[in-house]
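Working notes, structure below.
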Amino acid sequence: MVVPELKAWRAARPHVVRVARSVKPRLVRAAEAVKPPLVRAAEAVKPPLARATGVVKPLVKRPSTVQFTTGAATLGLVVAATVVTAAGPWDSTGQRTAERDWAASRERAGGADHGSAPGTSGKEPAPAPSAASVLAGLGGLKGSVPSPTEKALGSVLGPLLDDPALGSDRAGAVVDMATGKLLYGKGADDPLTPASTTKIATAVAALTAAGADHRIATRAVLEPGTEEVVLVGGGDPTLTARKDANGNASLRSLADDTARALKSRKKTEVTLSYDTSLYKGSAAHPIGADNTNLARVTALMADEGRLDDSSSGPADRSKDPAGDAARKFADLLHERGIKTTVPGTSRASGSAKALATVKSPPLSALVERMLTSSDNDIAEALARQSALALDEPASFKGGGAATHAQLKKLGLPLKGAKFADGSGLDRADKLTADLLTALLAEAADPDSPELRPVLTGLPVAGFTGTLSKRYNGQPGTGLVRAKTGTLTGVHTLAGTVVDNDGRLLAFAFLTSSNPPTDATTTQQRLDALASALATCGCD
């Protein structure tokens, strides 16, 4: 049964939502497979000039597997499993070496963090075998692409979702992205612990509250009439002190500009302090102050407080990330001819004069990175950006309140939803399968282009991010694009897939169990559920 709140939301949506429209002609129009003249697999890889001029090439009879996989993965939609499985063999990550090499040689697109995988040979591969059946599916459809029926989906998904290996509590929902219609639901409005699929909600809230183009500033200011320089944290979790900033805001660049500005004022000795007052409440997550999955949440940090050279995944963290960043800034100033005191905490006044500023990548890029790598530090920072945009305290509580308020503005089904943090590490978080699929459908709405990073940031099964080592050649490999969620006894998966008839679907599956089920087995069962959608015509 669909709850009234969800009915209202669906009724308000446009009659036809086309992800293909939302990303414009540059990407594969999988959702519009009913229009053969407009759907060309070659569009995903054709030269930029042809894309720019809008020229539609003749249908290529034998495009390579890699063309389909890479082009469609740009949007996160691959139209049939045979595209990926036809050529083989698979390496240990579920991706053929040739495809990985091909991706590495091309410009990144459709997700800043879906670039080349490690271990590429650097050689341009020969074209892989083609998959004629996919072309027939794209160009040979007559009339409307059928939408899966509830009965057919139930017969396919029901037994899989009832598997005892999924644990004591489980829920699922499948939505037609073209219409917003709920096609299948099992406990779809039951709130369960979502783990890291919470990040989908965090992303939608931040992109609509603060804006996709918003950049987070870190500043150095000079208090008037004094020699005090204050390093002011703005909450940028990607600020880096490394020599290669890799597109992030650089503490080294900030030191360059600050030293230059001070010397222009004939100042070579200063008192240095740092300001983290933007964030409120505890910096320690409820899971604990010292956790390899998340640094203390503070408005100032460099390299997520990591004590190694990693940029994602678990790592030992600084016990004082703000102080460490300030001390590194002092060292950088000293290298540039500016002597400083040992930095201490302070608060910049409203009359402080700007010396230098560096800014993060836009929130759109941060969202992609967060979703692909399941970055908890970015997630907590984005929740606080939502709080600041809505005049809520920049804290765990304020971020949760802002996320709930922003999603309510969007008319999304929030029955039973609770946001205790932005990352999903807190077991107090509660989401429904209905809400997760509604968030994904909202991200596909042509009227919400600012939400597209929610789709382009989703990991690709067997290829990228937290799904790079899952699927291992299952039918959903390369076809499923989804956010994972994992806590002890909690496993979730929510994302998009194109079924065997070319219909774009959003899905969400949530499970939990006490005592915990075997993690590997449970994840494999969730992957099988998404794979079943990829291979199911179900009409």
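Predicted model only: the values in this text are computed from it and were never measured.
- Between the side chain of R452 and the main chain of S448, a donor-acceptor pair closer than 3.5 Å is present.
- Note: L526 CG to T484 OG1 = 10.0 Å, rounded to the nearest 0.5 Å.
- Remark: K181 does not engage D176 in a salt bridge, criterion side-chain N to carboxylate O under 4.0 Å.
- Electrostatic pairing of D377 and R317 counts as a salt bridge here, judged by a charged N lying under 4.0 Å from a carboxylate O.
- Ion pairing of R369 with D375 is absent here, as no side-chain N (NZ or NE/NH1/NH2) approaches a carboxylate O to less than 4.0 Å.
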Could you go through T477 and N472, starting from their C-alpha distance and side-chain angles, then the distance that decides it, and tell me whether this counts as side-chain contact (heavy atoms from CB on, under 4.5 Å)? CA-CA 7 Å; T477 303; N472 296 318; over 6 Å; no
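- Between M177 and the options D445, T496, L505, a side chain to side chain contact (heavy atoms under 4.5 Å, CB included) holds for only T496.
- A donor-acceptor contact shorter than 3.5 Å links the side chain of D303 to the backbone of A241.
- Between P237 and the choices L382, T298, I378, N376, the side chain to side chain contact (heavy atoms under 4.5 Å, CB included) rule is met once, by I378.
- Within the 3.5 Å criterion, the main-chain N or O of T456 finds a donor-acceptor partner in the side chain of R481.
- With values rounded to the nearest 0.5 angstrom, S360 atom OG is found 7.0 Å from H214 atom NE2.
- Residue D308 places its CG atom among more than 12 non-hydrogen atoms of other residues, nucleotides or ligands, all under 6.0 Å distant.
- A side-chain donor-acceptor contact under 3.5 Å links T372 to the backbone of G457.
- The CG atom of L425 sits 7.0 Å away from atom CG of N291, with the distance rounded to the nearest 0.5 Å.
- Between the S513 side chain and the P515 main chain, a donor and an acceptor come within less than 3.5 Å of each other.
- Counting heavy-atom neighbours within 6.0 Å of D309 CG, excluding the residue itself, gives a total of 12 or less.
- For the atom pair NE2 (H491) and OG1 (T486), the distance works out to 6.0 Å, reported to the nearest 0.5 Å.
- Side chain of R470 to main chain of T466: no donor-acceptor pair is present (N/O by atom type, distance under 3.5 Å, no hydrogens or angles).
- Side-chain atoms of K199 come within 3.5 Å of backbone atoms of S423 as a donor-acceptor pair (strictly under, hydrogens ignored).
- Annotation: the span from F507 atom CZ to T437 atom OG1 amounts to 11.0 Å, rounded to 0.5 Å.
- The distance from atom CZ of F419 to atom CG of D421, rounded to the nearest 0.5 Å, is 10.5 Å.
- With salt bridges taken as basic N to acidic carboxylate O contacts below 4.0 Å, none links K359 and D236.
- Side-chain atoms of N248 never come within 3.5 Å of backbone atoms of L239 as a donor-acceptor pair (strictly under, hydrogens ignored).
- Side chain of E450 to backbone of A212: no donor-acceptor contact under 3.5 angstrom is found.
- Panel note: side chain D429, backbone A420; a donor-acceptor pair is recorded below 3.5 Å.
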